[in-house]
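Let me begin by presenting the structure, written as structure tokens, before commenting on it.
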Amino acid sequence: MLDIKYIRDNLDQVEAALATRGSEISLEGFRELDKRRRSLLTESENLKALKNSVSEEISRVKDKSTVKDKIAEMKDVSVRIKTLDDELKVVEEEFAAILMTLPNLPHPTAPIGRSEADNMVVRKWGTLPEMNFEPKSHWDIGESLGILDFERAAKITGARFCLYKGAGARLERALINFMLELHTNEHGYVEVLPPFMVNRASMTGTGQLPKFEEDLFRLADPDFLLIPTAEVPVTNIHRDEILKKSDLPICYAAYTPCFRREAGSYGKDTRGLIRQHQFNKVELVRFVHPEKSQAELENLTGHAEKVLQLLELPYRVLNLCTGDIGFSSCKTFDLEVWLPGQGQYREISSCSSFADFQARRASIRYREEEKSKPEFVHTLNGSGLAVGRTVVAILENYQQADGSVVIPSVLRPYMGGLERIEKVPA
RNA sequence: GGAGGGGUGUCCGAGAGGUCGAAGGUGACAGACUCGAAAUCUGUUGUGGGGCAACUCACCCAGGGUUCGAAUCCCUGCCCCUCCGCCA
């Protein structure tokens, strides 16, 4: 959520900044409702002040029969207040509806552009593997090794699910453990294991609601939603809290499965693990002092990169352009890993700074001084990494001519020393 | 799922239709005393909205209702605790 006062005072600049995201957003409705809201508020509050003072007078009188006319008058005032408040409620709901659907303002260092074609390559790491054979896709590798079974997953549930088996299941688990150990031991994160379903307030706090409900899986009875990313439960850990300045930065690493409807992506990445309704992810979340958020974004991105470096997977870092950054984000670095089977780089991590956008929605604050007014923290998060896509990258980059896949050396301790996945005779 | 008991300020805890934004204690901060500290004493100490300001409005889990007036009464929901059942 954006700062109401800031929008009010900088209407044109805000409109211009939002326009760089690609869709024209008029703030005329905002301006109108804001005016209306404030005038109703003043009117109602003046009547309330009157009611309060007269009611106090009444309370001091012993013989109520002498103030009959005042009581009657206040009864009338109460009715008028109620009418005004009802009207105000409608206006505020409309106002909030606008406010909650305005995306964050892009950071000045986010390149201006319309689509992913305008994203800026910041750096590249690693060398692309040289193969003297035609690299296979991970689904072919996984199926022929008997470690990924998409057909049976479709039987069990439906499209965009996968059944991992044997060394495949173990590889997934090894990666989760490896990533969590790295971030907790080397990068200073506290491990958390949050609920995988959340309420609407949490989804609203991080920005998934009200705008993106169609991307979420919803439970029928309690009105809970399956998390599309650990960002939601983990950022909401501190919703409606005032944090101690000395506790910042607060850093959490969380493994969770993620559930996404993938509405609107029909026909995209229909094969393989790239786009699934359920996938595992290790997520990094940081609550930081507002002045530090830019530097913290570099830190966070570095932590995600470290995973790829240790796995020796070649990747590049993109500074996403204004047209491509997410709704709540003001700046995002995407990590894209090289996939020989596809002959292209694909997103494996997205590291974002939200500035105070989520903190304002979720009311997450700190005090600069012991006695000073609470101020909003800045929140950041990034995948460290998407586990399923990491499996994809390992299968495709470490594939051998004979169809086997070598396990990256840092993972072997997590795989019981296994060095290579080979076909198990059926 | 059944039966009870609760949700008040940093925390504990009073309150029970009017003078309550809320007693008392505790914690924190400032000052006095002290060479310094402890103890003691004094003062300050919630959040959000509107207003240039004086000031004002709202908030005692949340949302409705009754009333001139509600933390206090009524309804609904959420959460916590105890017992029974069920269950990993």
Side-chain angles (χ1 to χ4, degrees), chain A residues 1-9 30-100 193-205 209-210 218-225 233 236-248 257 356-377:
Chain A
M1 189 167 89
L2 303 175
D3 183 0
I4 295 172
K5 282 184 182 149
Y6 183 82
I7 305 178
R8 191 148 65 208
D9 297 339
F30 171 93
R31 194 212 297 273
E32 292 293 316
L33 286 168
D34 185 41
K35 256 172 96 176
R36 180 110 191 85
R37 179 179 140 262
R38 285 196 292 164
S39 92
L40 283 169
L41 199 57
T42 312
E43 201 180 336
S44 159
E45 286 192 352
N46 287 341
L47 287 175
K48 281 176 188 166
L50 175 70
K51 183 190 78 177
N52 286 345
S53 68
V54 174
S55 285
E56 203 200 312
E57 265 180 62
I58 293 171
S59 77
R60 281 199 301 264
V61 174
K62 289 266 165 54
D63 182 2
K64 303 295 185 212
S65 66
T66 63
V67 288
K68 268 197 176 136
D69 52 333
K70 280 195 172 144
I71 289 179
E73 193 191 331
M74 286 311 105
K75 190 174 178 114
D76 186 52
V77 167
S78 277
V79 171
R80 281 161 66 202
I81 289 172
K82 191 162 167 22
T83 309
L84 285 171
D85 281 353
D86 285 348
E87 201 180 334
L88 184 62
K89 197 177 164 189
V90 172
V91 170
E92 291 214 301
E93 270 166 18
E94 265 180 76
F95 187 66
I98 291 181
L99 208 55
M100 292 309 263
L193 184 63
F196 301 158
M197 49 183 92
V198 301
N199 56 34
R200 286 180 174 269
S202 292
M203 284 292 186
T204 307
L209 290 182
R218 199 169 54 237
L219 299 192
D221 189 358
D223 190 17
F224 294 156
L225 301 121
N236 278 283
I237 289 174
H238 295 298
R239 171 153 52 86
D240 296 322
E241 288 185 17
I242 298 175
L243 306 170
K244 286 205 188 91
K245 186 185 180 189
S246 57
D247 288 342
L248 302 178
D356 61 3
F357 187 84
Q358 291 181 329
R360 181 172 283 110
R361 283 180 162 241
S363 188
I364 307 169
R365 296 171 295 172
Y366 78 103
R367 284 181 216 277
E368 191 57 49
E369 307 286 342
E370 184 89 22
K371 300 265 185 180
S372 59
K373 279 214 157 211
E375 297 172 56
F376 294 110
V377 300

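This one's a predicted model, so the numbers in the text were calculated from it and none came from an experiment. Throughout, a chain's letter reflects where its sequence line sits, starting with A, and its residues are numbered from 1.
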Are the side chain of [X] and the backbone N or O of [Y] linked by a donor-acceptor pair below 3.5 Å?
{"X": "A:S363", "Y": "A:R360", "answer": "no"}
{"X": "A:D356", "Y": "A:F376", "answer": "no"}
{"X": "A:R361", "Y": "A:M100", "answer": "yes"}

Shortest side-chain distance from [X], nucleotide among [options]:
{"X": "A:R367", "options": "B:rG48, B:rC57, B:rG46", "value": "B:rG46"}
{"X": "A:R37", "options": "B:rG48, B:rG49, B:rC68", "value": "B:rG49"}
{"X": "A:K82", "options": "B:rG50, B:rG65, B:rC68", "value": "B:rG65"}
{"X": "A:E45", "options": "B:rG48, B:rG18, B:rG49", "value": "B:rG49"}
{"X": "A:A49", "options": "B:rU47, B:rG18, B:rC57", "value": "B:rC57"}

By the 4.0 Å heavy-atom rule, please label [X] as base, sugar-phosphate, or nothing.
{"X": "A:K68", "value": "nothing"}
{"X": "A:R8", "value": "sugar-phosphate"}
{"X": "A:K244", "value": "nothing"}
{"X": "A:K70", "value": "nothing"}
{"X": "A:N52", "value": "sugar-phosphate"}
{"X": "A:I58", "value": "base"}

If the [atom1] atom of [N] is compared with that of [M], how far apart are they to the nearest Å?
{"N": "B:rA3", "M": "B:rG85", "atom1": "C1'", "result": "11 Å"}
{"N": "B:rG51", "M": "B:rC57", "atom1": "C1'", "result": "11 Å"}
{"N": "B:rG65", "M": "B:rC12", "atom1": "C1'", "result": "33 Å"}
{"N": "B:rC29", "M": "B:rG46", "atom1": "P", "result": "15 Å"}
{"N": "B:rC60", "M": "B:rG13", "atom1": "C1'", "result": "13 Å"}
{"N": "B:rC73", "M": "B:rU67", "atom1": "C1'", "result": "10 Å"}
{"N": "B:rU56", "M": "B:rG21", "atom1": "P", "result": "13 Å"}
{"N": "B:rU45", "M": "B:rU10", "atom1": "P", "result": "14 Å"}

Problem - A:D85 with A:K82: basic N within carboxylate O range, under 4.0 Å - result: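 No salt bridge links A:D85 with A:K82.
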Handout entry: Comparing A:D76 and A:R365 on RNA chain B - which has the more 5′ nearest nucleotide
Key = A:R365
Handout entry: Distance below 4.0 Å between A:K5 side-chain N/O and B:rG49 OP1 or OP2
Key =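 Checking A:K5 against B:rG49: no side-chain N or O falls below 4.0 Å of OP1 or OP2.
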To the nearest angstrom, how far is [X] atom [atom1] from [N] atom [atom2]?
{"X": "A:I81", "N": "B:rA58", "atom1": "CD1", "atom2": "C1'", "result": "12 Å"}
{"X": "A:K35", "N": "B:rG51", "atom1": "NZ", "atom2": "P", "result": "14 Å"}
{"X": "A:K48", "N": "B:rG48", "atom1": "NZ", "atom2": "C1'", "result": "14 Å"}
{"X": "A:R38", "N": "B:rG49", "atom1": "CZ", "atom2": "C1'", "result": "11 Å"}

Handout entry: Heavy atoms of other groups near A:R367 CZ, more than 12 under 6.0 Å
Key =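 More than 12 heavy atoms, drawn from other residues, nucleotides or ligands, come within 6.0 Å of this atom.
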Practice task
Using only heavy-atom distances, determine whether the side chains of A:S55 and A:N52 contain a donor-acceptor pair under 3.5 Å.
Solution key: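 No pair is found: no donor N or O on one side chain lies under 3.5 Å from an acceptor on the other.
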